[in-house]
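Since the structure comes first, as structure tokens, the remarks are kept for the end.
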Amino acid sequence: MISLYDTLSGEVRPLELREPGRVDMYVCGPTVYDHPHLGHARSALTYDVLRRYLEWRNLEVRHVSNVTDIDDKIIERARREGRTESEVAAEWEAVYFDVMGRLGVLEPHERPRATEWVDDMVGFIGRLMEADAAYVTPSGVYLRVRDVPDYGDLVHRSLDDLRASAGARVEVDEAKEDPLDFALWKAAKPDEPSWPSPWGPGRPGWHIECVAMSLAILGEGFDIHGGGNDLVFPHHTNERAEALAAGQTFAGHWMHNAMLNIDGQKMAKSLGNYRTVEELLLEHPDNARAFRLLVLQTHYRKTMEVTPDLLASARAAVQRLDALARRLKAASTEGNAVEPALAECVESSLDPGPGSSVPHGVTERGSIVLSDGDLEEWRTAAEGTAEGFSAEPVSPRHQRRFCAAMDNDLRTPLALTEVFTLVRRANTAFDAASPDGRIYAAMAIELAKSLGLMDEGAEPAADSGDAEIEDLVARRQAARDARDWATADSLRDELSALGVVVEDTPNGPIWHRA
RNA sequence: GCGCCGGUGCCCGAGCGGACCAAGGGAACGGCCUGCAAAGCCGUAAAGCCGCGGGUUCAAAUCCCGCCCGGCGCUCCA
């Protein structure tokens with residue numbers, strides 16, 4: 001049973017799926033006109049982790065995320081650069097997905113572009129007009145907010161309250177019936193791209209695209225609608241109003257991630273502490289995973305801090321995971337992956353309890369290296385019957401706690417606790433030359449993978465320098481065997497000059513790039 | 001002004017009524033391991049009793065009231 005905080009009801013509620021076994025989620029994506037910043041990254045990572053976890057629990061996820069490729073900012077940039085809006089949007093859309101990909105964010109299954117769905121939006125507005133929920137003014141088509149039942153429910157504010165602050169910052173269009181009414185369709189202005197409509201040429205208002213596309217692609221009552229918490233009002237409130245006014249059932253669950261602070265202050269261009277993801281990635285090769293870890297170490301509904309120190313600390317933690325992965329690899333005799341069997345073990349300890357509507361288990365994952373014997377041992381160990389093993393039932397217990405934490409509104413900081421506890425147990429067991437080491441290590445890595453913390457096709461594949469390095473490592477080992485420390489140390493210096501770190505283990509030396 | 005969210009050790013950050021837990025990560029220091037390292041493990045005491053002041057309770061970091069401080073939102077915004 002997986003529960004998530006629902007902004008609308010204001011409480012953590014079980015995720016009731018429209019269709020058992022499948023989760024349909026729509027997440028508000030970027031407006032593509034500039035470099036993606038760390039805030040975009042946090043948001044994308046939040047939903048990436050949700051998706052990965054749901055999939056890891058064997059749910060089929062359909063993840064849709066829009067690309068807003070027409071709006072004021074894009075028009076402005078296009079004008080400034082003397083290009084077309086679609087050129088600007090195409091450029092930044094490519095940058096966005098490239099950057100997110102480098103952060104390990106899985107691509108949404110569908111990423112509809114607003115400009116390709118204008119017909120649907122026009123159709124949707126047409127239905128609102130027919131229902132007399134909207135009206136036309138010289139500047140466009142507006143939704144009549146006062147007729148929408150429970151308009152302010154998502155922000156938990158009354159209509160009067162909202163009305164009181166409406167216009168406080170933005171000039172109110174006198175033609176509107178009510179200051180809260182918002183544009184569904186903006187009448188074309190000179191030199192702006194426009195599309196035809198029954199109300200004259202123009203372009204869609206901000207909110208209509210998400211309603212039209214989410215309902216068209218996922219259908220009524222889809223499971224989760226997500227985005228940053230700055231979208232709760234007005235964006236999501238207005239999307240919801242449009243859907244309600246059209247008589248359509250909208251999202252079942254509203255999910256919002258919190259913002260982030262840089263060096264203790266909100267990140268803003270005006271404060272000069274605006275950080276792009278590209279800068280982050282350039283700074284250090286491990287920053288992609290370090291940032292993900294940082295995101296995971298803070299609950300998604302809480303403002304997170306980003307400072308150079310925190311990033312460095314997260315990098316150290318990530319390296320700890322990598323070190324364990326190397327240890328596991330070195331300790332595994334033959335590289336025969338027996339993945340499905342391990343998955344079975346994992347699944348056996350994932351029992352969500354009676355009455356759960358959520359299927360459980362794990363999807364197939366590659367690259368955990370264990371022998372068949374290990375698995376058998378693990379299984380019996382889990383039953384607490386095998387001699388020489390103490391891993392039981394500790395390992396499954398950590399996993400259960402991990403799932404319990406994740407199931408309870410994605411408490412990733414708590415879930416990580418289990419991962420790192422497993423890491424320590426694994427290392428302790430390895431130190432003691434206990435067979436438990438591989439079990440703990442495999443489990444720790446499996447859990448880390450479910451959060452996207454371990455690179456998928458892990459093995460970076462031998463590159464050209466490897467033969468040379470292997471040779472140096474071997475010669476150093478030979479020198480050590482001959483107790484020729486001077487030679488051994490100078491060879492280690494050579495390796496370190498190549499950016500290679502050697503670690504001596506009971507199973508012989510292993511090395512990795514720093 | 002209205003609404004919301006936080007204030008826990010050197011830093012980040014769990015815990016949200018009692019137990020194994022004030023978790024986990026990072027930093028620092030000491031020790032073990034090591035030919036030396038790296039990695040790893042172990043330990044760190046009397047000023048962390050959980051922003052401050054009251055209250056509820058047999059029992060509160062956890063609930064209630066007030067106050068102080070910080071952050072965010074109120075149609076640009078992840």
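Proteins get letters first, then strands, A, B, ... in listed order; numbering begins at 1 in each. Quick note: numbers below take in every heavy atom, side chains included, and nothing from hydrogens, waters or symmetry partners.
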Closest-nucleotide 5' rank along RNA chain B - winner of A:R476 and A:W206: A:R476
Sugar-phosphate only, base, or nothing, as touched by A:V502 at under 4.0 Å among non-hydrogen atoms: base
Side-chain (A:R289) to main-chain (A:L453) donor-acceptor, under 3.5 angstrom: yes
Toward the 5' end of RNA chain B, by each residue's nearest nucleotide, A:L294 or A:A486: A:L294
Is_stacked (A:F420, B:G24) at 5.5 Å, 30 deg: no
Touch class at under 4.0 angstrom, heavy-atom based, for A:D309 against every strand present: nothing
Sugar-phosphate, base or nothing in reach of A:H256, heavy atoms under 4.0 Å: nothing
Same-atom distance (C1') from B:G6 to B:C52, integer angstrom: 16 Å
Sugar-phosphate, base or nothing in reach of A:R315, heavy atoms under 4.0 Å: nothing
Euclidean distance for P, B:C5 against B:C49 (whole angstrom): 28 Å
Base B:A37 paired with A:R492 side chain (donor-acceptor, <3.5 Å): yes
Touch class at under 4.0 angstrom, heavy-atom based, for A:R411 against every strand present: sugar-phosphate
Check: A:R327 side chain, B:G40 base, donor-acceptor under 3.5 Å: no
Euclidean distance for C1', B:G66 against B:G24 (whole angstrom): 35 Å
Any side-chain donor near an acceptor of the partner, A:N238 and A:Y151, under 3.5 Å: yes
Row check, A:F97 ring normal vs A:R111 NZ/CZ: under 6.0 Å, within 45°: yes
Separation between CH2 of A:W92 and OG1 of A:T31, rounded to the nearest 0.5 Å: 14.0 Å
Nucleotide of B:A14, B:C21, B:C2 approaching A:R401 most closely (side-chain heavy atoms): B:C21
Per A:K302 side chain, nearest of listed nucleotides B:C77, B:G6, B:C74: B:G6
Separation of the C1' atoms in B:C16 and B:U8, to the nearest angstrom: 12 Å
From B:C42, B:C12, B:C2, nucleotide with atom closest to A:R424 side chain: B:C42
Donor + acceptor pair across side chains of A:Y135, A:D181 (<3.5 Å): yes
Touch class at under 4.0 angstrom, heavy-atom based, for A:G39 against every strand present: base
Sugar-phosphate, base or nothing in reach of A:T417, heavy atoms under 4.0 Å: base
Euclidean distance, atom CG of residue A:L296 to atom P of B:G24 [Å, nearest integer]: 18 Å
Distance-only polar pair, side chains of A:H109 and A:H63, donor-acceptor under 3.5 Å: no
Closest to the A:A316 side chain, choosing from B:C42, B:G26, B:G73: B:G26
Touch class at under 4.0 angstrom, heavy-atom based, for A:L260 against every strand present: base
Sugar-phosphate, base or nothing in reach of A:D489, heavy atoms under 4.0 Å: base
Nearest-angstrom distance, P atom, B:A27 to B:G40: 10 Å
Shortest side-chain distance from A:D504, nucleotide among B:G3, B:C36, B:G24: B:C36
